[in-house]
Amino acid sequence: MERILLAIGAAAGLGITYIDSRPGWDDTGISAGLILLTTGLLALAGHRRPWLLALVVGGWITVRGLLVAHDPAAGLALVLALVGAYAGRLCRAAMTGGGEHS
């Protein structure tokens, strides 16, 4: 199940990066919200390593921003991905009573 969630996260991260890199796209807030929402939902769905989800979703846009656009602010995408993933993980822990046995 975790591999499926990672594959979904990687595909979503690539899609968000592609859309964000288009010349006519000028809405960073939507891209940021999608990163936050994606990582949160995938962690809520049961992925047990939020940091890994954050890397596969937010890493694409961060790497592109640093290497192609030379924009150090792109690192914020990874921060948002971490926030979303850990928030989703905390919500899952609260819903399941903190213990996971799957």
Under 4.5 Å between any side-chain heavy atoms of [X] and [Y], yes or no?
X     : Y     : answer
Leu55 : Leu82 : no
Arg48 : Arg89 : yes
Glu2  : Arg49 : yes
Asp71 : Leu66 : no

Indicate if [X] and [Y] have the same hydrophobic cluster label, given that clusters are the connected sets of ILVMFWY residues with side-chain heavy-atom separations under 4.5 angstrom.
X     : Y     : result
Val57 : Leu6  : yes
Ile4  : Leu41 : no
Trp51 : Leu76 : no
Leu52 : Leu42 : yes

Where do [X] and [Y] come nearest, in terms of heavy atoms and distance?
X     : Y     : value
Ala85 : Pro50 : CB-O, 3.4 Å
Thr62 : Gly75 : CG2-CA, 3.8 Å
Asp20 : Ser31 : OD1-OG, 2.9 Å
Leu53 : Ala43 : CD1-N, 3.5 Å
Thr38 : Ala12 : CG2-CB, 3.7 Å
Cys91 : Leu44 : CB-CD1, 3.9 Å

When clusters are formed from ILVMFWY side-chain contacts under 4.5 Å, directly or step by step, what else is grouped with Leu90? none
Apart from Trp60 itself, residues in the same hydrophobic cluster as defined by side-chain heavy atoms under 4.5 Å: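 Joined to Trp60, directly or through intermediates: Leu14.
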Quick one: list whatever passes side chain to side chain contact (heavy atoms under 4.5 Å, CB included) with Ile30, sequence neighbours left out.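 Result, side chain to side chain contact (heavy atoms under 4.5 Å, CB included) vs Ile30: Trp25, Asp27, Leu34.
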Counting only heavy atoms not in Arg22, do more than 12 fall under 6.0 Å of its CZ? yes
Nearest 0.5 Å please: distance from the CD1 atom of Ile16 over to the CD1 atom of Ile35. 5.5 Å
Point-to-point distance, once rounded to the nearest 0.5 Å, from NE2 of His47 to CD1 of Ile8: 10.5 Å
